[in-house]
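Throughout, a chain's letter reflects where its sequence line sits, starting with A, and its residues are numbered from 1.
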2 protein chains.
Amino acid sequence: MLPGVGVFGTGSTARMLVPLLRGEGFEVRALWGRSEEEARSLAQELGIPFHTSQSDDVLLHPDVDLVCIYISPPLTRQIAVKALGIGKNVVCEKAATAVDAFKMVTAARYYPQLLSIVGNALRFLPAFVAMRQLLAEGYVGELQVCDARVYGPSLLDQSYGWTCEELMGGGGLHTVGSTLVDLLSHLTGARAIRVHGLLRTFVRQNGAIRGIRRVTSDDFCFFQMLMGGSGSGRGTGTGSGVCCTVTLNFNMPGAFVHEVMVVGSAGRLIARGTELYGQRNGGNGEELLLGDSEGTGQEVKDVPLPHLRGLGSMVKALKDAFQAQEERRSWVRGPVAMASTFEDGLYVQTVVEAVKRSSRSGEWESVEVMTQEPDPNQNLCEALQRNKN
Amino acid sequence: MLPGVGVFGTGSTARMLVPLLRGEGFEVRALWGRSEEEARSLAQELGIPFHTSQSDDVLLHPDVDLVCIYISPPLTRQIAVKALGIGKNVVCEKAATAVDAFKMVTAARYYPQLLSIVGNALRFLPAFVAMRQLLAEGYVGELQVCDARVYGPSLLDQSYGWTCEELMGGGGLHTVGSTLVDLLSHLTGARAIRVHGLLRTFVRQNGAIRGIRRVTSDDFCFFQMLMGGSGSGRGTGTGSGVCCTVTLNFNMPGAFVHEVMVVGSAGRLIARGTELYGQRNGGNGEELLLGDSEGTGQEVKDVPLPHLRGLGSMVKALKDAFQAQEERRSWVRGPVAMASTFEDGLYVQTVVEAVKRSSRSGEWESVEVMTQEPDPNQNLCEALQRNKN
């Protein structure tokens with residue numbers, strides 16, 4: 001039996017998610033928006049019976065058993081942790097900081113019977129499911145290099161908001177880079193042990209953001225990860241010693257370029273958008289391994305096609321996880337086993353912060369995943385320290 | 001009147017160069033090979049009247065007025081400097097080290113009436129000539145990011161030799177990366193002030209190189225350059241503050257991928273192979289700005305098409321520089337003004353060495369172009385120091 005769903009957020013992902021959920025038979029019972037007006041407007045548009053700007057109204061809603069949180073990063077932790085505490089299953093976006101991600105991990109560990117996943121849709125995209133499978137089967141031989149690039153138009157909202165603010169989780173690295181950090185770890189079965197990066201904000205002001213306001217979040221980012229052994233123990237485990245490079249540029253209006261290439265001793269695999277190509281050394285050039293049967297050119301504004309398609313596959317997996325259960329809140333792990341856990345979310349957030357640190361220091365930075373919550377005063381000291389520079 | 005040409009080298013570039021020279025009306029009078037046998041074999045194949053393994057025999061040959069040097073980097077300096085001393089015009093490949101490049105600069109300054117260019121063919125490729133022109137005309141607006149990538153099969157020779165040895169100028173960075181360092185400086189009119197890089201040798205042994213022999217030259221290289229003001233004063237001068245990223249991977253058998261992209265505030269230009277594409281922000285997607293009328297698919301083994309085509313354009317420019325002159329050794333600067341000078345060669349070598357240093361130190365390294373020859377004992381100390389690590 002499928003659970004009733006409460007959706008947090010009124011942005012482009014939430015707007016795409018609702019029809020996808022309905023397409024798989026989920027009932028969307030409630031919508032939360034930052035303001036009453038935003039919530040009402042989208043609820044009317046999508047025909048959602050209940051809307052609110054009070055998060056408790058959704059979390060305590062008796063018909064809501066699964067909560068999907070697609071809101072600004074600084075609010076994610078609070079709502080996700082509360083939802084778990086109330087006994088609801090959670091699919092959410094990344095948090096704003098590693099400390100927030102750590103608090104989410106603690107909550108997820110406390111309620112292991114509840115579903116708690118970070119909804120990185122790329123893991124569910126068929127091209128990457130196939131790529132991971134082929135890597136495990138040795139298509140590329142010994143893995144050497146991963147190279148990911150995403151080019152697209154500006155990620156900034158029309159008006160000033162969290163997307164402009166580095167500290168609120170805005171910017172290409174946090175928004176898109178984090179999905180690639182997660183994906184590369186998932187594909188290689190390894191985790192970054194050291195990272196080096198460079199962030200730039202080329203566009204500091206635009207037509208909508210001017211006067212005393214300035215964009216602090218990155219619109220160009222470039223980082224390298226040296227991968228070590230498996231962190232999660234669930235991957236293919238061949239990724240130790242692999243070099244990953246990621247290039248993000250959001251000063252390139254037009255269609256998104258979304259390309260992930262893995263190169264090994266015996267061949268390579270390349271995901272271009274939603275399609276997967278492969279080439280074996282000594283073979284006759286590139287072969288199409290997986291096309292996109294739904295066709296291309298259906299790009300939704302502001303959302304790369306791989307994310308949209310992946311979201312669809314993730315919703316299907318959610319249906320499979322819940323469907324055969326008698327209880328509305330019960331689920332089985334199998335269909336969503338490939339999802340990013342809150343622990344993965346903490347790892348990703350740790351890498352993102354290490355890349356930012358590296359961009360400031362100019363040096364390689366170690367990726368050390370938090371094992372206990374830092375003293376908040378310690379944190380404050382560091383923030384003050386940093387502001388002095 | 002076109003000068004008689006002496007060619008040094010029996011590798012793939014020398015082999016391509018001879019027919020190109022003849023196609024423009026040059027007479028190839030003499031060929032030098034490392035061994036008598038290599039020289040004889042290629043001279044017979046190409047019908048060159050004189051061959052030798054003694055460099056002086058070519059340099060002192062009375063019918064040779066222009067010397068083209070395409071040999072292993074450690075031999076380049078010696079022959080180039082001697083050729084200038086004897087009064088011959090010189091087109092050569094890069095040197096092995098910055099110290100060698102510096103000695104070549106000194107010789108070139110001493111004989112300003114002689115032609116002395118580093119034959120980076122990419123500068124002459126019509127796609128890059130057009131890209132540079134469009135950059136100067138503001139097609140991309142304010143330049144922000146350059147991104148170059150070359151993927152291809154192994155650069156190693158069939159047998160063990162300089163291509164396997166980092167210290168002899170082998171490896172992707174030295175062989176191909178240097179042409180991109182030169183090109184990006186030429187395109188942006190700016191020079192790298194700081195670099196960061198990572199080199200890897202994934203394939204240390206193969207069928208031909210085994211036993212106690214190991215490859216030390218890089219087959220994967222990845223570097224970033226932060227560009228400062230103009231070094232040569234000849235560029236478009238808009239490149240200050242630009243980030244350049246270069247990715248080289250020579251573990252990818254099959255056709256070469258050769259792509260250079262420049263992104264600015266108003267649009268972007270992309271050279272894919274020998275073709276140039278552009279996209280203006282707000283425009284209707286990508287437009288083909290310059291096709292390759294000679295068609296593609298004529299890839300010569302071991303040589304990317306852009307190098308082959310660029311070499312053809314360079315030889316044409318050489319013809320134009322010499323043609324209208326009465327004296328066989330006289331030339332005019334105009335047609336070869338866009339060529340890389342020995343000073344540019346020293347800059348490029350300095351960047352290459354800074355990237356290698358960065359790969360060892362893990363830190364950003366400054367690019368400081370040598371202004372006087374270092375004390376050789378100092379050099380020895382540093383080499384000993386490094387070997388201890």
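- A:Pro253 is listed as a side-chain neighbour of B:Arg268, based on a closest heavy-atom distance under 4.5 Å.
- For B:Asn249, the part sitting under 4.5 Å from any heavy atom of chain A is the side chain, from C-beta outward, and nothing else.
- Using cut-offs of 30° and 60° for the angle between ring planes, the B:His196 and A:His196 rings count as parallel.
- Once rounded to the nearest 0.5 Å, the distance linking CG of B:Leu198 with OG1 of A:Thr245 reads 9.5 Å.
- The shortest heavy-atom contact between B:Val263 and A:Asn251 is CG1-O, 4.1 Å.
- Within the 4.5 angstrom heavy-atom criterion, no atom of B:Arg280 approaches chain A.
- Contact of B:Gln279 with chain A is made through the side chain alone, with heavy-atom distances under 4.5 Å.
- Contact detail for A:Cys243 and B:Phe202: the closest heavy-atom pair is SG-CZ, 4.3 Å.
- Partners of B:Glu368 by side-chain contact (heavy atoms from CB on, under 4.5 Å), not counting sequence neighbours, listed by chain and number: B:Ser366.
- Applying the side-chain contact (heavy atoms from CB on, under 4.5 Å) test to A:Thr247 and every residue at least two apart in sequence or in another chain returns A:Arg149, A:Tyr151, A:Phe220, A:Phe222.
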